[in-house]
Undergrad: 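Following this message is one structure expressed as structure tokens.
Throughout, a chain's letter reflects where its sequence line sits, starting with A, and its residues are numbered from 1.
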Number of protein chains: 2
Amino acid sequence: MNDARVIRATSGTNLGGASAHNRRVMVDALRLNGALSRAELARATRLTKQTVSNIIEELERDGLVRSQASVRKGRGQPATPYELVPEGAYALGLQIDRYVSRVIAVNLVGEVLVQKSVELPPGGPEKGVRIILDLIESARSTLSDAVPEAERRLVGLGVAMPGPFGIDGDDDNQWMMASWQNYPLLEMLATGTGLEVALQNDAAAAATAERLVGSAHGLDHAICIYLGYGLGAGLILNGELYSGQNGNAGEIGMSLAPGEAGARPFVAPLEHQASLASLCKILDIAPSDPRLFDKIERAAEKPNEQVEEWMKGASERLRWMVHLLETVFDPQTIILCGGAPRVLIDQLIDHMQPLLPSLAARSSRALPRIQPGLANPWAVALGAAAEPIARAFDPRFSAILKSRFGA
Amino acid sequence: MNDARVIRATSGTNLGGASAHNRRVMVDALRLNGALSRAELARATRLTKQTVSNIIEELERDGLVRSQASVRKGRGQPATPYELVPEGAYALGLQIDRYVSRVIAVNLVGEVLVQKSVELPPGGPEKGVRIILDLIESARSTLSDAVPEAERRLVGLGVAMPGPFGIDGDDDNQWMMASWQNYPLLEMLATGTGLEVALQNDAAAAATAERLVGSAHGLDHAICIYLGYGLGAGLILNGELYSGQNGNAGEIGMSLAPGEAGARPFVAPLEHQASLASLCKILDIAPSDPRLFDKIERAAEKPNEQVEEWMKGASERLRWMVHLLETVFDPQTIILCGGAPRVLIDQLIDHMQPLLPSLAARSSRALPRIQPGLANPWAVALGAAAEPIARAFDPRFSAILKSRFGA
DNA sequence: TCTTTTAAGTCAATTGTCTTGACTTATTTG
DNA sequence: CAAATAAGTCAAGACAATTGACTTAAAAGA
């Protein structure tokens, strides 16, 4: 009698879940607003003064917040503002790219403390993982040398690599990294480091970074278009990263566009036209070139005819993708970021003007329809490191629910 | 000293929030899985047997669940399954369309008990609201005649109308209903009925209906393309409807597409080609024709050359939009539903084959990439009615948080 | 200067919900 | 007929937020 029917249900919650949520709410409020007094926190979170006092006391004991000098601001007892302690938590971020791997260590407020990278020789994941574990170990010990207590306060290891994930075969596709995807990477990293590990695609990581320390800070609805070796979008919806059913939401680099009617109804994927890979091809830069970023920067500063051509094509496709994303998501803003030089990002945005008409063109906008975000090779690694911080400290539905592994 | 700085923060929660969540979790589990015993509920929700017992007892007192005959299924004491009581709650749904308004009453499980419609004469919202309030009143008393206790168990009034909302001017645009949007409709309806009122656009409502009783039942990631007089998409992300910053997420009817290179780089909005409005133009049916649905059904059953032409154009644009939505959202499935006859929906889906390649084409799919959903003129009104039920009984983050109006 | 008003923050008791562990009930298995 | 198994109850306990009175510290007004 195989009556072990799968019953689907949302988890319930309990006192512990509520309490954990309230702690997160406090940290989040301090992150968003800067230092706040207990009374202010109570008003903002709709909790009672007493509750806030208890939680703040606990957070202070845990080294996550600290008091500032009290400030007089009118009648009544002066308030004692509390602020986040940057040294309250640390996280590691790992970016695995096609030819290079990068590791970053950040603290609770997203300040970068360590960054190291290594070239990834061809040879697939078996060899690669060993190199990567060494890199992580090296970053970790550098961090511990600088801040002995950091090890104890590490909340996790975020991993970012190019998507899409879990697709069928296609091992030779240079745009993906299929061999890495069928490898038990997360398990290897988890056992190798003893840390909690979570995976995002690189665009999602870039969005996570934008939300922690970049242009999306404090925004609940933002789309980050990430221009790297490939192209993707990180979706921040309702204040959280949206990943879709299989973690592939936002893989707009693979989107086709209807082209000339008749003969060739659909043109190549967006990232064949708008990505550093396509630019490298034009500039005849090897994708494995360690000085790729600098070369592109120089090329963008003084664009020759070919670069202008690329820029025109890329910005035209992006211009239209921006229109679509605005229409589909109704976001507060769209951010163009990347592992690309700021010059290039800025020029692309320039070339996209005027933006296509859309609902986003309303007159009452608070934010620009499109704006530049983080633009450097470390953006994805930073986002990878931001993920464990967000997972540990941001208020989110899943954090309230009882998990499989004890409350 | 204007020190009334706005402090942004997520609300905290308390015992009451946790308890409310757990009640919702129970109702949701019974809705998804059918009748379940207390022990099964405890396992599924990770709550203790005792907690489940208490909550079930309370829900039974409130008339939301009831026990079935106990069933023996192996060793041990027989289980007593509990099921939702359809008569446990009721909700009203109002659809305001361009030329007609519809009201539906549903019960807790989404069964339709009353449906009434009325033609909306031109004359704008002032006159319209009076007619609509009469319609609601009429439906309400029909409901009360059939089920005297329904009035006491009404959880709200859902309203659906064509978007987009809150756009600048453009009063003459026949595709929108601008004059209705600058009118304090919700306030009028709330005071006129004494019920909680909430607004969605029609595509969002259709998606809400699909989730309560249609093809999206139990799905957490689904996109509903709604083909009505206009065209839009309802986005179900993480099990909840996503509305974007201004409630306009999913307004894909307004999306442009890159067309022939050169002269006309961008073609008309999607809904100018794929909507009942465009079909009506071709068939020379007045959009206000009360027998519009039947006429379209007949036209779709025996398509003439013009209809075939329309079908070809519409399905081609939709085919490509499906590709985009799959790429952007990575959903479990896409549902094509509408206030359109099922024949038409089916034919459109047929014409869209073969679907464009995308990440969704993986071999391990559990659900079809695209499938038909509700296809009748009452779909939106049903979705409007489904919204208050979902708001009152579905587990969601916002339901846990302390609200502005007391816990 | 002195009193009143206002606001921040604490104290101690209370409340409400989930949890714990032992117990009862009812059925199948051997 | 005893042992095993599972559903469900009982009563006490744990825990976090709440409540209302209180203390502290400043500004405002007389």
Undergrad: Roughly, in whole Å, what's the span from CD1 in B:Ile400 to P in C:dT17?
TA: 15 Å

Undergrad: Could you tell me which residues satisfy side-chain contact (heavy atoms from CB on, under 4.5 Å) with B:Arg61, sequence neighbours excluded, listed by chain and number?
TA: B:Glu57, B:Glu58

Undergrad: Could you list the donor-acceptor pairs under 3.5 angstrom formed between side-chain atoms of residues 392-399 of chain B and any protein atom two or more places apart in sequence or on another chain?
TA:
none

Undergrad: Rounded to the nearest angstrom, tell me the gap between atom CD1 in B:Ile56 and atom P in D:dG8.
TA: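 Roughly 10 Å, once rounded to whole Å.
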
Undergrad: Determine the contact category for A:Arg23: base if any of its heavy atoms lies under 4.0 Å from a base atom, sugar-phosphate if only primed atoms, P, OP1 or OP2 are that close, otherwise nothing.
TA: nothing

Undergrad: Measure CG/A:Asn14 against P/C:dG16 and give the value in whole Å, please.
TA: 19 Å

Undergrad: Taking only residues two or more places apart in sequence, or in another chain, which ones meet B:Ala386 in a side-chain contact (heavy atoms from CB on, under 4.5 Å)?
TA: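 Per chain and number, B:Ala386 pairs via side-chain contact (heavy atoms from CB on, under 4.5 Å) with B:Thr208, B:Leu212.
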
Undergrad: Starting at atom CD1 of A:Ile55, determine the distance to atom C1' of D:dC15, rounded to an integer number of angstrom.
TA: 13 Å

Undergrad: Quick check: on DNA chain C, is the nucleotide nearest A:Ser53 upstream (toward 5') of the one nearest A:Leu15, or the reverse? Name the residue that is more 5'.
TA: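 Residue closer to the 5' terminus by nearest nucleotide: A:Ser53.
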
Undergrad: Figure out the CZ/P separation between B:Arg46 and C:dC18, and round it to whole Å.
TA: 17 Å

Undergrad: Rounding to a whole Å, what distance do you find between B:Glu58:CD and C:dC18:P?
TA: 9 Å

Undergrad: Filter on ring pair (Phe, Tyr, Trp, His ring centres under 6.0 Å), then keep only pairs touching residues 37-70 of chain B, sequence neighbours left out; what's left?
TA: none

Undergrad: Can you name the residues that form a side-chain contact (heavy atoms from CB on, under 4.5 Å) with A:Thr45, not counting sequence neighbours?
TA: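 side-chain contact (heavy atoms from CB on, under 4.5 Å) check on A:Thr45 returns A:Val25, A:Met26, A:Leu47, A:Val52, B:Ala9.
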
Undergrad: Within residues 24-41 of chain A, which residues have any heavy atom lying less than 4.0 Å from an atom of DNA chain D?
TA: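 Close to the strand, none.
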
Undergrad: Listed by chain and number, what are the side chain to side chain donor-acceptor pair (under 3.5 Å) partners of B:Glu87, not counting sequence neighbours?
TA: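 For B:Glu87 there are no side chain to side chain donor-acceptor pair (under 3.5 Å) partners, ignoring immediate neighbours.
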
Undergrad: Test of understanding: with salt bridge (Lys or Arg N to Asp or Glu O under 4.0 Å), list the residues that count as partners of A:Glu111, not counting sequence neighbours.
TA: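 Partners of A:Glu111 under the salt bridge (Lys or Arg N to Asp or Glu O under 4.0 Å) test: none.
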
Undergrad: Rounded to whole angstrom units, what separation is found between the CG atom of A:Asn22 and the C1' atom of D:dA16?
TA: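 Roughly 9 Å, once rounded to whole Å.
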
Undergrad: Could you write nucleotides 20-30 of chain C as a row of B, S and -, 5' to 3', where a protein heavy atom under 4.0 Å of any base atom gives B, of only sugar-phosphate atoms gives S, and otherwise -?
TA: B----BBBBS-

Undergrad: Write down the distance between CD (A:Glu60) and P (C:dG9), rounded to a whole number of angstrom.
TA: 12 Å

Undergrad: Under 3.5 Å, is there a donor-acceptor pair linking the side chains of A:Arg38 and A:Tyr82?
TA: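 There is such a pair between these side chains.
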
Undergrad: Check whether any side-chain nitrogen or oxygen of B:Asn54 sits under 4.0 Å from OP1 or OP2 of C:dC18, and answer yes or no.
TA: no

Undergrad: Any side-chain N or O of A:Thr80 below 4.0 angstrom from OP1/OP2 of C:dG9?
TA: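 Checking C:dG9 against A:Thr80, a side-chain N or O does come within under 4.0 Å of OP1 or OP2.
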
Undergrad: May I ask you to decide whether B:Arg153 forms a salt bridge with B:Asp62, counting only side-chain N to carboxylate O separations under 4.0 Å?
TA: no

